[in-house]
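All figures in this text were calculated on a predicted structure; none of them were measured in a lab. All residue numbers refer to positions in the sequence shown, counting from 1.
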Amino acid sequence: MNNNETTPIYKRVLAIVGLILIGGLIIAFLLVALFGGPDSRNLFMGLAGAIVAVPILLWLLLWGLSAITGRHNIASLDSMTANKRHDKYGNVIPDGEIDTVVFDIGNVLTDFAWKEFLQNKGYDEAMVKRMAKATVESDDWVEYDKGNLTNDEIVEKFVLNDPEIGDELRKSFANIDGIILKREKTIPWIRGLKAAGYKVLYLSNFSSQALLGCPDAMAFLDETDGGILSYRDHVVKPFPEIYKLLEERYQLTPQKTVFIDDTPVNIKAAKDLGWKGIIYKDYDQTINELAELGVRF
């Protein structure tokens, strides 16, 4: 969108009406100040108050419209985006080719803290490793993410992997509350990207148990423009179906989309579909690689 594009007629009319209203109040105020008598004190004070109140009310009206419609205008435009290009609604136009940033969740936007989860239950290092082999490191862990089985059914699969510690596995995985931990940089990161005009989505192999059991860590979901948690649609990465579903649901252009994930095979699957991809190692490395793609905020 060109910044020099003609302003819509209704906006110009509203601007003219606003200027006339404020200009009329100022002229009336000056006339009363210069020619009014002792009896015009109340009128003088009323006009003075109106000159202050009308611009404030107009600003609040614009701010309210922005909040309701989700479309930015002069009242919602802050200093962080003042030097950015904007479309006809005032929404920021991202610099560069990329317009959408898609995040994995575990070990990218949150910590998948399975080791701490088991250690906090009192198990020593040897038992933690043994339990991990039967659970989070097993092929059966994906059953959480597919969302097709109950928690009890999944746990019984873990027990079959190491029956000797079946009681410990059942007790420990009766729920997985607290297995996902919050990262303090996540919400500011998302907000910064959105303020710069990027659509921000998530695409993650994720279970309902982890979502419901870790509300504080998952609070960032409300900051995004949406996404896919695998258990809801019963599809998982790295199968192409989940990527294509995100494309269709949010009308993504593959060449304008970058995916951030800590697992190389998931990034390869995205690139095979024409997306850009970044293998997450740490925050600073990812910020630098985003900048190389023109994504700055």
Side-chain angles (χ1 to χ4, degrees), residues 102-125 127-163 165-191 200-239 242 245-246 249 259-263 266 280 283:
V102 182
F103 285 101
D104 177 35
I105 294 177
N107 292 329
V108 176
L109 296 180
T110 65
D111 287 316
F112 178 38
W114 59 266
K115 184 175 290 186
E116 293 87 344
F117 171 78
L118 292 173
Q119 289 173 338
N120 290 338
K121 294 180 182 298
Y123 298 113
D124 61 23
E125 190 68 21
M127 179 58 81
V128 167
K129 289 182 178 180
R130 184 173 178 180
M131 295 177 77
K133 187 175 181 180
T135 58
V136 297
E137 294 177 353
S138 74
D139 293 338
D140 294 319
W141 187 260
V142 75
E143 297 300 335
Y144 266 126
D145 301 328
K146 286 182 178 178
N148 294 322
L149 301 178
T150 67
N151 195 73
D152 288 344
E153 289 171 333
I154 295 167
V155 172
E156 289 308 311
K157 283 181 169 288
F158 297 157
V159 171
L160 290 175
N161 291 332
D162 196 339
I165 57 170
D167 289 342
E168 288 83 357
L169 292 171
R170 291 187 183 98
K171 180 180 178 181
S172 298
F173 289 90
N175 67 66
I176 53 174
D177 297 358
I179 202 167
I180 303 295
L181 299 180
K182 179 180 180 180
R183 286 188 176 179
E184 296 299 331
K185 289 184 177 180
T186 292
I187 289 179
W189 193 2
I190 293 170
R191 288 178 178 174
V200 178
L201 303 172
Y202 51 86
L203 179 66
S204 184
N205 291 353
F206 217 83
S207 68
S208 62
Q209 293 90 335
L211 176 64
L212 297 174
C214 308
D216 184 54
M218 301 302 292
F220 70 87
L221 291 179
D222 292 335
E223 303 284 341
T224 71
D225 296 301
I228 290 177
L229 298 178
S230 60
Y231 82 90
R232 292 172 175 163
D233 294 286
H234 313 292
V235 287
V236 294
K237 298 176 295 182
F239 295 102
I242 192 170
L245 183 60
L246 192 77
R249 190 167 290 173
F259 182 42
I260 301 168
D261 194 300
D262 64 314
T263 305
N266 293 339
Y280 182 95
Y283 177 80

Inset, instruction - Could you walk me through whether Ile105 and Met218 pass side chain to side chain contact (heavy atoms under 4.5 Å, CB included), step by step? - result: CA-CA 9 Å; Ile105 294 177; Met218 301 302 292; 4.0 Å; yes
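Proximity of Trp114 to Val128: side-chain heavy atoms (C-beta onward) are separated by under 4.5 Å at one or more points. A heavy-atom distance below 4.5 Å is found between the side chains of Ile165 and Met127. Contact of the Asp167 side chain with the Lys171 side chain is not registered, since no non-hydrogen atoms from C-beta on lie closer than 4.5 Å. Residues Asn107 and Tyr280 fail the side-chain proximity criterion, which asks for heavy atoms closer than 4.5 Å. Between Leu201 and Arg249, the closest side-chain pair of non-hydrogen atoms is not below 4.5 Å. When side chains are defined from C-beta on, Tyr123 counts as touching Glu168, because their heavy atoms get closer than 4.5 Å. The shortest side-chain heavy-atom distance between Lys129 and Glu125 falls under the 4.5 Å cut-off.
The shortest heavy-atom contact between Cys214 and Gly178 is SG-N, 3.4 Å. Closest non-hydrogen pair, Thr224 versus Val200, comes out as CB-O, 3.5 Å. Between Leu245 and Asp233, the closest heavy-atom pair is CD2-CG, 3.7 Å. Nearest heavy atoms, Ala210 versus Ser207: N-OG, 3.1 Å. Closest of all the heavy-atom pairs between Ala217 and Lys182 is CB-N, 3.5 Å. The nearest pair of heavy atoms linking Asp104 to Ser204 is OD1-OG, 3.4 Å.
Distance CG/Leu169 to CG/Asn161: 8.5 Å, rounded to 0.5 Å. For the atom pair Thr186 OG1 and Glu223 CD, the distance stands at 10.5 Å (nearest 0.5 Å). Separating the CD atom in Glu156 from the CZ atom in Arg170 is a distance of 4.5 Å, to the nearest 0.5 Å. Atom CD of Gln209 is separated from atom CG of Asp145 by 9.0 Å, given to the nearest 0.5 angstrom. To the nearest 0.5 Å, the span separating CD1 on Ile176 from CD1 on Ile154 amounts to 8.0 Å. Once rounded to the nearest 0.5 Å, the distance linking NZ of Lys237 with CD1 of Ile228 reads 10.5 Å.
Between Asp162 and Arg130 a salt bridge is recorded (basic side-chain N to carboxylate O distance below 4.0 Å).
Other residues, nucleotides and ligands contribute at most 12 non-hydrogen atoms within 6.0 Å of the CZ atom of Phe239. Counted within 6.0 Å of CG on Asp124, heavy atoms from surrounding residues, nucleotides or ligands total more than 12; the atom is thus considered enclosed.
Between Phe103 and Trp189, the ring-plane angle classifies as perpendicular under the 30° and 60° cut-offs. In this pair, Phe173 and Trp141 present their aromatic rings perpendicular. The plane angle is above 60°, beyond the 30 to 60° band. Ring planes of Phe158 and Tyr144: tilted class, angle from 30 to 60°.
Under a 3.5 Å cut-off, the side chain of Asn151 and the backbone N or O of Ala174 do form a donor-acceptor pair. Asp111 places no side-chain N or O within donor-acceptor distance of the main-chain N or O of Ala113, the cut-off being under 3.5 Å.
Of the listed residues (Val102, Ile260, Leu221, Leu246), just one forms a side chain to side chain contact (heavy atoms under 4.5 Å, CB included) with Tyr202, and that residue is Leu221.
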